Amino acid sequence: MLIIDCPYCGKRPEIEFSYGGQAHLARPQQPAQLDDQAWAEFLYMRTNIKGVYAERWRHARGCGRFFNALRDTTTDHFLAFYKTGEPRPTLPAQHERTT
Amino acid sequence: MSRQSFSALSLILRSLSRHSSWQKQWRKAEPKAEYDAIIVGGGGHGLGAAYYLAKEHGMTNIAVLEKGWIGGGNTGRNTTIIRSNYLFNESAALYDHSVKLWEGLSQALNYNVMFSPRGVMMLAHTVHDIQVFKRHVHANRCNGVDNEWLEPQQAKEFCPPLNIENNIRYPVLGAALQRRGGTARHDAVAWGYARAADAVGVDIIENCEVIGIRRGTNGAVEALETTRGIIRSRKVGVSAAGHTSVVMRMAGVHVPLESYPLQALVSEPVKPIFPCVVMSNTIHAYISQSDKGELVIGAGTDAYTSYTQRGALHINTHTLDAICELFPNFRRLRMMRNWGGIVDVTPDRSPIIAKTEVPGLYVNCGWGTGGFKATPGSAHVFAWTIARDEPHPINAPFTIERFRDGFLIDEAAAAAVAH
Amino acid sequence: MNAPIDGLRTPSGGLVDRTRRISFSFDGRSYEGIEGDTLASALLANGVHLTGRSFKYHRPRGILAAGSEEPNALVTVSRDAARVTPNLRATQVELYAGLIAESQNRWPSLERDFGRINDLLSAFFPAGFYYKTFMWPRKAWKALYEPVIRRAAGLGRAPTHADPDRYAQRYAHCDVLVVGAGPAGIAAALTAAASGARVMLCDETAQFGGSLLADGGALIDGLAAQAWVRQAIESLQSNRRVTLLKRTTAFGYFPHNFVGLNERLNDHCEKPPQHQPRERLWQVRAKQVVLATGAIERPLVFPGNDRPGILLAGAAQTYLNRYGVRVGTRAVIVTSGDDAYQTALDLKAAGIVVAAVADLRPEAIGALPEAVRQAGIEVLPASTVLGTEGDLRVKAITLGRVEAGSIQPGQRFECDVVLMSGGFTPSVHLFSQSRGKLQWSDALKAFVPAVSAEQERSAGACRGVYDLGDVLADGAAAGTAAGEPAATGAAQRRFSVSAPKRGSESYLGVLPQATSPSGDKSFVDWQHDVTTRDLALATREGFQSIEHVKRYTTMGMATDQGKTSNLNAMAIVAKSLAVAIPQVGLTTFRMPYTPVTFGSMAGTSRGDLFDPVRTTPTHAWAQARGAVFENVALWKRARYFPRGNEDMHAAVARECRAVRNACGIFDASTLGKIEVVGPDAAEFMNRLYVNNWANLGVGRSRYGILLREDGFIYDDGVVARTAADRFHVTTTTGGAPRVLGLMEDYRQTEWPDLKVWLTSTTEQWAVIAVQGPNARLVLESMVEGIDISAAAWPHMSVARGKICGVPMLLFRVSFTGELGFEINVPSDYGQSVWEAVFAAGRQHGITEYGTETMHVLRAEKGYIIIGQDTDGTVTPDDAGLTWAIGKNKTDFVGKRSLDRASMKAADRKQLVGLRAKQPGVVLEEGAQVAEKPGQQPPMILIGHVTSSYASSVLGHSIALGLVAGGRARIGQTLYVPMPNGDLEVEVTSPVFYDPTGARING
């Protein structure tokens, strides 16, 4: 059970949270302007990174807030937590390995 | 390259020389400079595809590249359930194609994969479950796929340890039973395909990780960069399960996949006590007993994407909550080993077996939690797709483009059934 | 040759109480042990070595070890018919008076086991033999071969009764978790506690002390080892920041320093206390972890190394020094290092004849060998073992001499025990589970921890530190560092130790053999009968990765998970492939370290505690009225209210008629309710739902539809506008949490600029539906502050008022097609308002009804149930709900997806009514629909029945279905293929009852 550091509540066990998938995917402003391919990219395409992944969590059984985290999907260790809307933090170079 | 036959007689004869004359079941091949086709991923699906390419499509200059040891991914980590009682015609056709191949696979490969049609029983715990399972039963019957409805007492007769009393939170209200479903020996599937593929000339190259995909000026696949050098091929089939996203990205192809941990566990071995496979999606558990006597138990995926091949303890305890509810006699048994795999999940929980936008690049992925059962069928139609550069009618609906166009094959949404 | 049985117990010494004799039975025979014994030590004290049969060849097997690594001595222990536990290691079973144990996997008896024939036929059963045969005839695998193999396999028998015992679970947090209470662990706990940290110390055995409990002569800080342990544990016990857990196995190491412990509370008790759970699962989050898990003695691989009476030298020392048990009367010791020499001295001092110490090293020099020679024991350097004799007990061993690379026959010794020591294998299981990186040590011939992945340290023997003084210092340093991770250069605690210097010489692989080895098998994995020949066969057949070798031979896959076998196997494989051991690879260590009871993992999560039970405010009332309940999501909902001997059909028919003809009352409290509030509430709803909310007036409600972004229906429900800036959104019963989650997702992450807030109010409101032509008659005298007359208050009106003096939000809505109202009152008033309405309704024929009647009534009107008539692949148009979509909206969740070509295909399945031509036939829900009759499988199918009921009001059955191009087929005859033939159905409008809506607007 992971420990997740909610930016609003602090460290809590994973069972208080629900997973929100890849972060920084904005819903298109005008979906009608997109062709089918572009819309499908938004709907379904995820980078599925093996390495440092920016992802969303919701403190569903706590404050209810969504926030973002950087997690290494090869170790399940978190590298950063930050609020929705904030830019993805820059990590020390050794962590920026992704495949 | 004549292959030694496997049989009781050969076993007895070779025992005279203390089994010292058995050959390698597959050669330790060195990579050649070029192949007519390369399969990336030495699991059951990949090895099977290579076998069918050689056996049925006359392509013999083929290699399977495996970054570790063959069968070391999800082939060797799953709970070996085989069934084909899927709802949609497309799925039922694919999985039933597979079950039919399973039924003769040991003989076809001359390798006992121990396919055991012990029956797969899926439990209903709510009125909604009953509706869903009856829909499956009817659809399957009309598609020629066996699946029958059992009342609780019948379910208990089929599986005596099952608790059908009202003393549990979600009592058993009935079950859908596919008698042709069952289990097989997972490792033997990889090894059996490897041996059979090797015998028809396929190079199986282990410890060979693909680190790049080279494309020509026309965009088509030209060669693979690997940890054992560059290997040329104009046809590359990717069958890399949880790592498919990683491999496909090397060719610039994005596939709608997410990789999740999936755990399973076994108990200590006990004498035969469990005659079939039981699955409960509503309370998240499935169980069978291996030939060795272990109860083989699994559940749904963990919550988050991961490549760690391990999961969380609370997923495990929740699985065993369900097992202890359904089989209170098993509470004193003990978990002997737990493990995790990486399953690649598509948005509609159905696989992709298709050509890609890159000429010469093919992909077989997205099996989620249910890939083992499909191994022979999937490998068979994937080989067809690679050899002919067009899909077999059975896998024609399982394209990448279906997500763009909206022609989903959404078993999960339609049935709320793990598969 | 054997001494009298009584003579096997030493007159004094050890940690057992000779004054308390305990009788127990093994395989139906009574024995006596003493308090402090394990089943293994008690059996050995009775001269019993033969305790089991091996898995495959059914070879007689004795006790090999003294701890959890035991591969052979597996027993079933029974307290009563239900409390039967198979596969327990006798070395871990603590003795209690009346304990009943039985051996396993033998027939008819342990001494005469028919399965032994497998050993004689073993030439035909090499590793993986089952992959090569049993293939013909095709059907015979399932019918014949597999059942035979299954019966032969397995170990103990599973219990046949439900386990009556209870299991508990606890979560715990600590600063430092120390795993293993041997010298390193105790030292670590002492120093960590001294730093003020909250410490947990756990050990899998019944007594703290680890290897010190079996140590005959060591002095620590001037105290005998066992006395030092007592003092240290007392000091820890007196510290209230320290938690000590014995009989507690740390079985799993999970990410973020989360460790699973399993505590066995009462399996050792003669009469387990009633109040106590049998086991307790601890889930511990530790800031720092110290692993002090020790090392396991490595057996030696030589022909016939598996006979009862052949055991690990350290185990013999433990049985002697801890339990006061002599494992035999005449021993031969085979060793690769100095440790076993101490065992030789201890045994001799206890009166056991040590016939010889055979040393694998070319020379046996140093203090310990010298002391052994001084004691008059023959020491034979440069030895190997050529074979052993004996069936149910070893009776002789033949040694060989290694001279200039060749093997010379050596002496034969009669003996009743052979003790072997191949050095130690550090227990890196938990370290490896934590994903720490291991490193191969040539010096130790073992893998040792190199790089930690978690906040963790290994200390003592588990990282290859063996000498007692070093072990204590290592543990102390780890405890200090873990207790004060911020502090640097803290003074290290030293212990003054007087003990023989312990070496780390170890041996790997097969003992040297002559070119033509004797016929007997050399076992690597005892429990699974994996021999050197099996490993050779595997590599010969191309199984060369250690994972392949493991899977092909099943080496390391038994209940001991290879604790005594893995490294020897790797060495043998490496040698046969002529590569270095690390190149063979290492099998992955997985949890659990030792098996964990299912019941403990499940804990109290049983019955009603398996999942929360949600009940509505009228639950008790419904129970009292004899309602039959169904589970819907977490809720218990009244399904129908049978009267007298009514079955469901009769009850539902009666309830339906009551609603249609008079009035019904229904508890709809389980509907999800979300309050959407704020200046941008209407905009938010507009972006989310398909409907147009801008033009919904205050005091009005509307049927809302929510899609997923992929265009398929996600949820539905009536949405009321209760103020300009306030919507009361209802959802399906099961959908409430996910709808709120989806709303919050958009609100927080896509549209944070909108001023809108969401609150779940599902449990704040009790919802009482009053439906039927008499509904207004029932309510008009009760409702305060709202004119509910037909003229003043049309269908879909909403208003605040009072009922029974209680504040109320009243809806004029109907899910039945009748004139209907839904009374929302605060939940605490739910039952009393319900009772008041029910009382007032009596004169108007009010009848309580349940979900089944609700389903029939709504189906008669063609109203869909999400999840029954839709399935996640249905668009609003498929469901005939295009009318609900806001006409001029440019966007809402899912809209773009509806524009894809596939969503407009003419053959999409559309919701229609299906009317069986035979009015008495109720179609089965889920039955398929075909255009052509008389098809054989595989049929061409065009749809399926989603809802189907007998309608007592209409006098015929009705059904809804999704049918390809369905709306264009209205009037057509289609076919429902059933096992007994086709049923003819007519495609109709989905609205069977009151299509003009006269009643609902009445």
Side-chain angles (χ1 to χ4, degrees), chain B residues 6-8 11-12 15 19 22 24-26 69 72 106-107 111-112 116-117 126-128 131 134-135 138-139 142-144 167-170 187-188 268-273 291-293 313 317 320-321 323-325 328-339 405-407 410 413-414, chain C residues 85-87 123-124 126 129-135 138 142 146 149-150 153-159 162-163 254 260 537 540-542 545 547-548 551 559 590-592 595-599 601-602 605 610-611 630-631 871-873 900 902-903 924-928 937-939 941 944 977:
Chain B
F6 283 175
S7 69
L11 198 64
I12 290 167
S15 74
H19 300 285
W22 289 111
K24 285 193 172 38
Q25 296 196 358
W26 64 93
W69 36 282
S106 294
Q107 293 73 27
Y111 207 100
N112 189 353
S116 175
T126 64
V127 174
H128 179 253
Q131 292 163 341
K134 287 198 170 171
R135 182 178 169 197
H138 286 293
C142 296
N143 271 320
N167 59 2
I168 65 173
R169 178 71 176 83
Y170 300 106
D187 290 329
E268 295 178 298
V270 287
K271 291 291 176 192
I273 184 78
D291 285 341
K292 232 177 87 189
L313 178 58
T317 57
L320 287 169
D321 293 350
I323 293 297
C324 289
E325 282 279 90
N329 297 6
F330 294 168
R331 279 207 286 263
R332 287 180 102 83
L333 296 183
R334 305 193 296 175
M335 170 172 69
M336 182 173 85
R337 186 176 174 88
N338 162 282
W339 66 91
D405 301 334
F407 291 105
D410 204 334
Chain C
T85 317
N87 300 340
F124 310 128
F129 70 96
Y130 29 75
Y131 300 126
K132 294 184 172 123
T133 181
F134 305 131
M135 285 176 274
R138 194 162 133 171
K142 173 158 185 269
E146 189 182 42
I149 287 176
R150 280 177 175 263
L155 292 166
R157 293 184 188 287
D163 181 4
F254 304 90
L537 176 65
R540 185 179 310 132
E541 291 196 83
S545 150
E547 284 282 359
H548 275 158
R551 287 156 180 266
T559 65
R590 293 284 188 181
M591 75 116 169
V596 179
T597 308
F598 284 4
M601 296 285 280
S605 183
F610 178 80
D611 234 3
E630 66 167 327
N631 286 309
D871 62 8
T873 67
R900 295 177 295 182
S902 59
M903 299 298 179
E924 263 200 46
E925 287 168 353
Q928 301 294 299
M939 304 179 192
L941 303 169
H944 73 284

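Scope of the values below: all heavy atoms of this structure, side chains included, with no hydrogens, waters or symmetry mates. Note that the coordinates shown come from a computational prediction; the quantities given were computed from them, not determined experimentally.
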**OP:** Flag the pair F129(C) / F124(C) as yes when their ring centroid distance falls below 6.0 Å, and as no otherwise.
**Re:** no
Original post:
Parallel, tilted or perpendicular: which describes the rings of W69(B) and H548(C), with under 30° parallel and over 60° perpendicular?
Top reply: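 Perpendicular: the ring planes of W69(B) and H548(C) meet at over 60°.
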Could you have a look at [options] and say which one has the most heavy-atom pairs with chain B under 4.5 angstrom?
options: M903(C), R540(C), E924(C); answer: R540(C)
options: P592(C), P938(C), G260(C); answer: P592(C)
options: T133(C), T85(C), V596(C); answer: V596(C)
options: R157(C), R551(C), E547(C); answer: R551(C)
options: E630(C), E925(C), M591(C); answer: M591(C)
options: L537(C), D611(C), L941(C); answer: D611(C)

Heavy-atom proximity to chain C below 4.5 Å, by part of [X]:
X: D405(B); answer: backbone
X: E325(B); answer: side chain
X: I273(B); answer: side chain
X: D291(B); answer: both
X: C324(B); answer: side chain

Subject >> Contact leader toward chain C among G293(B), A139(B), A188(B), where contacts are heavy-atom pairs under 4.5 Å >> reply: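 The residue among G293(B), A139(B), A188(B) with the greatest pair count is A139(B).
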**OP:** Would you mind telling me which of H138(B), K292(B), K134(B) has the largest number of heavy-atom pairs within less than 4.5 Å of chain C?
**Re:** H138(B)
Original post:
Roughly how far, to the nearest 0.5 Å, is CE of M336(B) from CD of E268(B)?
Top reply: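 One gets 7.0 Å once the value is rounded to the nearest 0.5 Å.
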**OP:** Using side-chain hydrogen bond (donor to acceptor under 3.5 Å, both in side chains) as the criterion, list what pairs up with N87(C), not counting sequence neighbours.
**Re:** Q104(C)
Let me know if [X] has heavy atoms under 4.5 Å from chain B in its side chain, its backbone, both or neither.
X: K132(C); value: both
X: T597(C); value: both
X: Q928(C); value: both

